[in-house]
Structures are given as C-alpha cells and as structure tokens.
> 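Sharing a structure with you now.
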Amino acid sequence: MARPSCVPRRVMVAARALLFWALVYSYCGVCACIAGLRLLWSIGRRPGETFRWVVRENPPSCLNDPSLGTHCYVRIKDSGLRFHYVAAGERGKPLMLLLHGFPEFWYSWRHQLREFKSEYRVVALDLRGYGETDAPPHKENYKLDCLIADIKDILESLGYNKCVLIGHDWGGMIAWLVAICYPEMVTKLIVVNFPHPSVFTEYILRHPSQLIKSGYYFFFQMPWFPEFMFTLNDFKVLKSLFTSQATGIGRKGCRLTAEDIEAYLYVFSQPGALTGPINHYRTIFSCLPLQHHEVIMPTLLLWGERDAFMEVEMAEITRIYVKNHFRLTILSEASHWLQQDQPDIVNKLIWTFLKEEIKRKRE
C-alpha cells in the first residue's frame, strides 16, 4: 500500500525540480538577451571605446598602506591552494576573520582592519579565486562545500580553533554556512547585507522583485560572456557598481576615492581575474536549499536599506533561524556596500555587539 503513494510524491519532486531548472535557464536566457542588447547599444554609440581594456600593471599605493596590516600567504594542505590575506593586530589576540563579497577583495575591509586591530588579530581574506589567492580553473572547485571547507582550514592554519566571523554579501553567505556547519568555530557571527541562505532561497521564489534584483545570479551561469561584459569600456560596469546613483554609495556615504577605484581595477583587470569570482555563482543552484538551517551563536545582522540588490524585508525574516541572541540594525541612508559606505557607524555597531556579549556572559 505504501509503494503506490510514493510514486506521486516522486513525480511531484521531479516536476518541481524540472520547473526550478526551467526557471533558472529561462531567466538566464532573458538576462543574456538584455546583456546582448546593451552590448549592441554600446557598440553603436562608441565602437572605439567599447572593447577598450587596460590592464593595470602596478598596484596603487593604498594597497600597500602599512596602517592596514601585513600581506601574508597560507597554503592549505588538503586543497593545496595558496590563500592571500592581510592581517592587522598582534598574533595571539582573538581572531576576527573578514570575508568580502562580489566584486570585492580584502581591501573592502580597510576601515575594519584599522579599527579592530587594537583588540583582535584581524584577518581580511581574499576568497578562493579572488586577487592573489589561487583560482582553480573548473567551476566544480567553487561549490559551497569547498568554500566552507576553506574557512575551516584557514582558521586551523592560522593556529586558531574559533573566531569572530564577519561576512558581507557573498562573504555573508559563506559566513552563514560556516556558522551552521561548524558552530564550534564561530564565537560570534556578524553579517552585512545578506540574509540567512534559507530566507534568500525561499524569498526569491515568491517575490519577482527580488528575482529581478538577483538577475546577475542567473546571468553568471553562462560561460565567458559575463566576464566579457565586465571588461567593456574599460570595466565601466565595475566602476558604476560603486559610483552610480542606482547601485553605488549614496550622497551621505563615504564615497570611494579615485585611488580606491584604481585598487579594484588593478585586481580585476588582470587577465582571468573575473572567472574565479564569477565561478562562485555558477554552482549555487545545485547547492541550495540547505538541509540544516539553525544558527546557534550570537548574531548581528547589519543592513543598508538602500541596497540595490537585496530587499530589506529579508533581514527581519532571518530572525527565525537564529536560536540565540539576534540583533538587527537597518541603516536608512546606506547602500549595499555598507562597511565602506558607513564605516564609522558600522564599526561602532560591531563594537557595541561584541562588548554587549562580553557583558552578557559576565552576568
């Protein structure tokens, strides 16, 4: 009697999977068409400028600013990959590990490296495939399991068994997953502008507005074309992400300087530098949804309300997955690039959260 009832269930599961992948590839095609039209428009307006791509050969001086810390490298035994990171603060102090988003690298945490080195060993990592960290060639090397294992292995290689973990954007996704899979390694979790992964996957399927805002997830499923689009007009897309009125840091934010922009252009203008970062997204649909959800350590979620990519409603829903103290702060005048946009406020909120937890333990 039980066997026939399983057949409709299997059919429903298969049908849902078919519909899901049909949605993924259909939307991928839509995004590709839009990108193609933009390319044709650019060629029609400025044919000479469209394909200009300048490789920056020398890093701007801000990347070697001694106040930010020391450039270091560590090779992971299991994967064999060499990771680059910048570390500030004395060895032996509690570890604060910082995970950047896309399209960023360790430098997006410059304000936090300076701020927290007084009491922490602050490490801002270049994630797998980014900057000076090794970039495996195949997209299978960027599955979420690999990215989570990287953080565990790096923590151990640095001589620590636990840390304060902070992640922004895609780094926030990884931070959530590390906290879920290795809770003993995360004393406190701080995430900037990224909801709990389960909230994200459920919300995006029910809200077309968020589906549109996350269109780049689908566009990035294609080989080589997304990288090519980023290089057009000497990385105009990259520049506009941080500076345009629609997606960039707002009028009341701490805008990126010309040298800051050059730092990003130096890293991402190198041949092949975009493939690793985009590969992070090329396996995402085969890795979600999650089997385990709960976060059991104290958690702080910071959110810029003017985020052009993530709807603020997801921030409040995240609360249901945190089975410990949860603090949510939404900054009304801030953009997606929150820790660069409002560094003083962000740093103050992080300090308050960290000291609040110390006080709570004493009581």
> Within a 6.0 Å radius of atom NZ on Lys252, are there more than 12 heavy atoms belonging to other residues, nucleotides or ligands?
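Not buried by this count: 12 neighbours or fewer within 6.0 Å.
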
> Going by atom types only, do His71 and His84 share a side-chain donor-acceptor pair under 3.5 Å?
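A pair is found: one side chain offers a donor N or O, the other an acceptor, under 3.5 Å apart.
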
> Side chains of residues 147-158: which donor-acceptor pairs under 3.5 Å do they make with residues two or more places apart or in other chains?
unit_1: Asp150; atom_1: OD1; unit_2: Arg128; atom_2: NH2; d: 2.7
unit_1: Asp150; atom_1: OD2; unit_2: Arg128; atom_2: NE; d: 2.7
unit_1: Asp150; atom_1: OD2; unit_2: Arg128; atom_2: NH2; d: 3.4
unit_1: Lys152; atom_1: NZ; unit_2: Glu156; atom_2: OE2; d: 3.2
unit_1: Ser157; atom_1: OG; unit_2: Asp153; atom_2: O; d: 2.8

> Do any N or O atoms from the side chain of Thr247 and from the backbone of Ala308 form a donor-acceptor pair under 3.5 angstrom?
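Absent.
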
> Would you please indicate if the ring centroids of Trp337 and Phe242 are separated by under 6.0 Å?
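Yes, the ring centres sit under 6.0 Å apart.
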
> Decide whether Tyr130 and Glu104 meet the rule of one side-chain donor and one side-chain acceptor closer than 3.5 Å.
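No, Glu104 and Tyr130 have no side-chain donor paired with an acceptor closer than 3.5 Å.
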
> Can the ring centres of Phe309 and Phe102 be said to be less than 6.0 Å apart?
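They do not qualify: ring centres at least 6.0 Å apart.
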
> Do His325 and Glu356 pair up side chain to side chain, a donor and an acceptor below 3.5 Å, judged on atom types alone?
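A donor-acceptor contact under 3.5 Å links the two side chains.
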
> What distance do Ile345 atom CD1 and Leu302 atom CG have between them, rounded to the nearest 0.5 Å?
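Answer for the CD1-CG pair, Ile345 versus Leu302, is 10.5 Å.
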
> Cut-off 3.5 Å, side chains only: do Asp260 and Tyr107 have a donor facing an acceptor?
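Side-chain D/A pair, Asp260 to Tyr107: present.
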
> Quick one: are Gln112 and Asn347 in side-chain contact, heavy atoms under 4.5 Å?
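Contact flag for Gln112/Asn347 side chains = yes.
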
> Using 30° and 60° as the class boundaries, would you call the ring planes of Tyr217 and Tyr281 parallel, tilted or perpendicular?
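Taking Tyr281 first and then Tyr217, their aromatic rings stand perpendicular (interplane angle over 60°).
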
> Verify the ring-centre separation between Phe105 and Tyr264: is it less than 6.0 angstrom?
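Between Phe105 and Tyr264, which both carry aromatic rings, the centre distance is below 6.0 Å.
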
> Can you check whether Tyr85 reaches Val122 side chain to side chain, under 4.5 Å on heavy atoms?
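Sidechains of Val122 and Tyr85: no contact.
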
> What I want to check is whether the side chains of Asp169 and Asn193 have a donor and an acceptor closer together than 3.5 Å.
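Result is no, nothing qualifies.
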
> Does anything in residues 224-240 pair up under side-chain hydrogen bond (donor to acceptor under 3.5 Å, both in side chains), and if so which pairs, sequence neighbours excluded?
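Of all non-adjacent pairs touching residues 224-240, those that pass side-chain hydrogen bond (donor to acceptor under 3.5 Å, both in side chains) are Ser42-Asn233, Arg56-Asp234, Glu227-Thr275, Glu227-Arg282.
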
> Taking NZ, NE, NH1 and NH2 as the nitrogens, is one of them in Arg121 or Glu90 under 4.0 Å from a carboxylate oxygen of the other?
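Looking at Arg121 and Glu90, the cut-off is not met.
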
> Under 3.5 Å, is there a donor-acceptor pair between the side chain of Thr201 and the main chain of Ser198?
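Yes, the answer is positive, given that a donor and an acceptor are paired below the 3.5 Å cut-off.
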
> Any side-chain donor paired with an acceptor under 3.5 Å for His280 and Trp170?
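Yes, side-chain donor-acceptor contact under 3.5 Å.
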
> Do Ile34 and Leu232 share a hydrophobic cluster (ILVMFWY, side-chain heavy atoms under 4.5 Å, transitive)?
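Yes, Ile34 connects to Leu232 through the hydrophobic network.
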
> Do other residues, nucleotides or ligands put more than 12 heavy atoms under 6.0 Å from Arg75 CZ?
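Enclosed.
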
> Test side-chain contact (heavy atoms from CB on, under 4.5 Å) on Gln340 and Cys254; report intermediate values, then the result.
CA-CA 7 Å; Gln340 300 183 80; Cys254 184; over 6 Å; no

> Judged by modelled atom types alone, do Glu140 and Thr283 share a side-chain donor-acceptor pair under 3.5 Å?
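Short answer, no.
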
> Tell me whether Tyr142 is reachable from Phe219 by hopping between hydrophobic residues (I, L, V, M, F, W, Y) whose side-chain heavy atoms are closer than 4.5 Å.
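Per the 4.5 Å side-chain linkage, Phe219 and Tyr142 are not co-clustered.
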
> Just wondering, do Asp307 and Lys213 contact through their side chains at under 4.5 Å, heavy atoms?
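The answer is no, as the side chains (C-beta and beyond) never meet within the 4.5 Å cut-off.
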
> Indicate yes or no for a side-chain donor-acceptor contact from Lys93 to the backbone of Ser118 under 3.5 Å, with no hydrogens or angles considered.
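Looks like yes, one N/O pair under 3.5 Å.
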
> Check whether Tyr73 forms a cation-pi arrangement with Arg82 (NZ or CZ under 6.0 Å from the six-membered ring centre, at most 45° off the ring normal).
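Yes.
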
> Once you round to the nearest 0.5 Å, how far does CD1 of Ile330 lie from CH2 of Trp303?
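Separation between the atoms: 8.5 Å.
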
> Is there a path from Val55 to Tyr266 through hydrophobic residues (I, L, V, M, F, W, Y) whose side chains come within less than 4.5 Å of each other?
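They do share one cluster, since a chain of ILVMFWY contacts under 4.5 Å joins Val55 to Tyr266.
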
> Could you check whether the rings of Phe228 and Phe225 sit parallel, tilted or perpendicular, using 30° and 60° as the cut-offs?
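It falls in the parallel class, under 30°.
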
> Side chains of Glu294 and Tyr321: donor-acceptor distance under 3.5 Å anywhere?
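No, no side-chain donor-acceptor contact under 3.5 Å.
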
> Once rounded to the nearest 0.5 Å, what's the spacing between atom CG of Leu274 and atom CZ of Phe235?
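These two atoms lie 6.0 Å from each other.
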
> For Glu115 and Trp351, does a side-chain donor sit closer than 3.5 Å to a side-chain acceptor?
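Yes, a side-chain donor-acceptor pair sits under 3.5 Å.
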
> Less than 4.5 Å apart, any side-chain heavy atom of Tyr120 and any of Leu95?
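Heavy-atom side-chain distance check fails, nothing below 4.5 Å.
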
> Please report whether the ring centroid of Phe230 lies less than 6.0 Å from that of Phe268.
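Centroid distance Phe268-Phe230: not below 6.0 Å, so no.
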
> Closer than 4.0 angstrom, basic N to acidic O: yes or no for Arg319 and Glu316?
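Judged by the 4.0 Å cut-off on N to carboxylate O distance, Arg319 and Glu316 do form a salt bridge.
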
> Can you list everything that forms a side-chain hydrogen bond (donor to acceptor under 3.5 Å, both in side chains) with Ser214? Sequence neighbours excluded, please.
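side-chain hydrogen bond (donor to acceptor under 3.5 Å, both in side chains) check on Ser214 returns Gln210.
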
> Should Arg306 and Asp341 count as an ion pair when the cut-off is N to O under 4.0 Å?
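Judged by the 4.0 Å cut-off on N to carboxylate O distance, Arg306 and Asp341 do not form a salt bridge.
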
